[in-house]
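As structure tokens, the structure follows; a few thoughts come after it.
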Amino acid sequence: QVELKESGGVSVQAGGSLTLSCVASGNTVMANCLGWFRQTPGKEREGLAGIYTTGERRYAESVKGRFTISHDPAKDTVYLQITDLKPEETGTYYCAAGRRHSPSMNWVPAVREFSYWGQGTQVTVSS
């Protein structure tokens with residue numbers, strides 16, 4: 001079992017930046033892939049970025065250039081840096097962990113691929 005705990009959600013003005021953190025605990029060797037997802041009101045949870053323990057990273061097309069995912073294995077922590085936030089990106093951000101094969105170049109994290117989830121952290125972007 002892997003437990004995940006997100007933090008860093010805040011209320012920011014449009015155009016602002018923030019960094020979300022997710023600390024993993026438990027049997028973390030069960031997972032080789034970590035991802036960040038977002039759920040906005042009335043929409044399904046969507047994958048934003050994923051990172052493997054090898055260091056490979058992938059991003060959803062809509063966030064490329066503004067989102068950066070990173071992983072500190074010494075701290076069992078995955079981060080998501082976000083710049084130029086938009087009001088429509090208000091929502092709950094979730095961290096997830098799972099085990100899957102190596103990603104294709106156009107892979108984007110999908111909910112069904114991850115077994116372990118955090119409780120989420122709220123990000124509110126005001127215009």
Atom pairs and distances, side-chain donor-acceptor, residues 91-98, under 3.5 Å, sequence neighbours left out:
unit_1: T92; atom_1: OG1; unit_2: Q122; atom_2: OE1; d: 3.0
unit_1: Y93; atom_1: OH; unit_2: R38; atom_2: NH1; d: 3.1
unit_1: Y93; atom_1: OH; unit_2: E89; atom_2: O; d: 2.7

Heavy-atom closest pair, residues [X] and [Y]:
{"X": "A60", "Y": "G47", "result": "CB-O, 3.5 Å"}
{"X": "R99", "Y": "N32", "result": "CA-OD1, 3.0 Å"}
{"X": "P73", "Y": "H71", "result": "CD-O, 3.4 Å"}

Exercise. For E61 and V108, what are the C-alpha separation, side-chain angles and deciding distance, and is it a side chain to side chain contact (heavy atoms under 4.5 Å, CB included)?
Worked result: CA-CA 9 Å; E61 197 64 36; V108 176; over 6 Å; no
Exercise. What residues, two or more places apart in sequence or in another chain, satisfy ring-ring contact (aromatic ring centres under 6.0 Å, His included) together with Y52?
Worked result: W107
For this session: Using ring-ring contact (aromatic ring centres under 6.0 Å, His included) as the criterion, list what pairs up with F37, not counting sequence neighbours.
Result: F114, W117
Can you get from [X] to [Y] by hopping between Ile, Leu, Val, Met, Phe, Trp and Tyr side chains that sit under 4.5 Å apart?
{"X": "Y59", "Y": "V123", "result": "yes"}
{"X": "L4", "Y": "V78", "result": "no"}
{"X": "I82", "Y": "L34", "result": "yes"}
{"X": "L80", "Y": "V10", "result": "yes"}

Exercise. Can you list every salt bridge (charged side-chain N to carboxylate O under 4.0 Å, His left out) pair that touches residues 109-125, not counting sequence neighbours?
Worked result: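 Those involving residues 109-125 are R100-E113.
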Contacts under 3.5 angstrom, residues 11-31 side chains, donor-acceptor by atom type, not counting sequence neighbours:
none

Exercise. Can you check side chain to side chain contact (heavy atoms under 4.5 Å, CB included) on Q1 and E3, steps first, answer last?
Worked result: CA-CA 7 Å; Q1 192 78 1; E3 290 80 41; 3.2 Å; yes
Problem set entry | Heavy-atom neighbours of Q119 CD exceed 12 at 6.0 Å |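 No - once you tally the heavy atoms of other residues, nucleotides and ligands closer than 6.0 Å, there are 12 at most.
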Problem set entry | disulfide (SG to SG under 2.5 Å) partners of residues 26-88, not counting sequence neighbours, each pair once | none
